[in-house]
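Some notes on the structure that comes next.
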Amino acid sequence: MFRTVLAVWSLTAVFSTVARTNRAGRPPHILLILADDLGWSDVGFHGSKIQTPNIDKLASNGVILDNYYVLPLCSPTRSALMTGMYPIHTGLQHLVLLPTSAYGLPLNFTTLPQKLKQSGYATHIVGKWHLGYNKWEYTPTYRGFDTFYGYYNAQEDHYDHTLLDILDFRDNKEPVTNIGGEFATFKYVEVTYFLATCCSIQKSYSTEHNIFLLENNTYSVLDHLFLCPPCV
């Protein structure tokens, strides 16, 4: 197993990118994609029989990192990505947060979106959170994100959006109850498109804002029964 993002490197790369400006004198928009439990040989550009044309295109037009250290589980990876700290320093190094976990990413840590907001970014997250939800203070819109569209736990049913028969799908803080039967990834793509064009889920953002968008709708990788070929 491997993950496409090395957290500490990512934070360094993001802040280096923010430090540079384009010709208009503004930092660039940032789209960060985190893939859960994606196998090394599960992408076309590594010779896989699985067809992943969109991912392959991103690889061919970018820089491929193929020698690095990553975490094998969801919550530890996310805590490292959000803080730049190895999970042993965040207390999330042992396993993943469970639906009954009464804790999350410690509130004393400053997160990546909080720092980017200080640089003028509008910050958004689409997909999976998995860093705590037993108190509002642990949830995305309290940890530096302007908007959140997705689920709190480790996984969800891709069509009825439940875990343990309980709905786990939010638009910011509000439960989403009107998309039963719709494939989750299609909804994430729809929302991501609007966010990437400077329109949040509930309100429009001025073009004066730079966009930081964490695209995190990746549990589909784990469950081949629900994987939708056009999405990869």
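Predicted, not measured: the structure shown is a model, and the values here were computed from it.
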Where the side chain of [X] meets the backbone of [Y], is there a donor-acceptor pair that is under 3.5 Å apart?
| X | Y | value |
| --- | --- | --- |
| Asp168 | Tyr152 | yes |
| Glu174 | Asp171 | no |
| Ser101 | Tyr103 | no |
| Asn153 | Gln155 | no |

Side-chain contact test, heavy atoms from C-beta onward, threshold under 4.5 Å: evaluate it for [X] versus [Y] and give yes or no.
| X | Y | value |
| --- | --- | --- |
| Cys74 | Lys128 | yes |
| Leu213 | Ile30 | no |
| Leu167 | Val176 | no |
| Trp129 | Phe148 | yes |
| Asp66 | Trp40 | yes |
| His46 | Ser41 | no |
| Asn210 | Pro28 | no |
| Thr100 | Asn134 | no |

Ile125 pairs by side-chain contact (heavy atoms from CB on, under 4.5 Å) with which of Thr147, Leu195, Leu214, Thr141? Leu214
Can you tell me how far NE2 of His124 sits from OH of Tyr149, rounded to the nearest 0.5 angstrom? 15.0 Å
Once you round to the nearest 0.5 Å, how far does CE of Met82 lie from CG of Leu34? 8.5 Å
Sequence neighbours left out, what passes side-chain hydrogen bond (donor to acceptor under 3.5 Å, both in side chains) with [X]? Give chain and number order.
| X | result |
| --- | --- |
| Gln93 | none |
| Tyr142 | Lys173 |
| Lys135 | none |
| Thr90 | Ser79 |

Residues clustered with Leu107, ILVMFWY side-chain links under 4.5 angstrom: Tyr138
Common cluster, Ile211/Leu58, ILVMFWY with side-chain heavy-atom separation under 4.5 Å: yes
Under the rule for side-chain contact (heavy atoms from CB on, under 4.5 Å), what residues qualify as partners of [X], not counting sequence neighbours?
| X | value |
| --- | --- |
| Ser48 | Ile50 |
| Gln118 | Lys115 |
| Leu164 | Pro99 |
| Lys117 | Thr123, Asp146 |

Across all chains, not counting sequence neighbours, the ring pair (Phe, Tyr, Trp, His ring centres under 6.0 Å) partners of His161 are Phe169
With sequence neighbours left out, the residues meeting ring pair (Phe, Tyr, Trp, His ring centres under 6.0 Å) with Phe145 are none
State which residues pass salt bridge (charged side-chain N to carboxylate O under 4.0 Å, His left out) with Glu137; sequence neighbours excluded, sorted by chain then number. none
Could you walk me through whether Phe194 and Glu190 pass the side chain to side chain contact (heavy atoms under 4.5 Å, CB included) test, one step at a time? CA-CA 7 Å; Phe194 282 109; Glu190 178 183 318; 4.0 Å; yes
Pair Met85, Phe109 - check side chain to side chain contact (heavy atoms under 4.5 Å, CB included), show working. CA-CA 9 Å; Met85 304 291 289; Phe109 285 100; 4.0 Å; yes
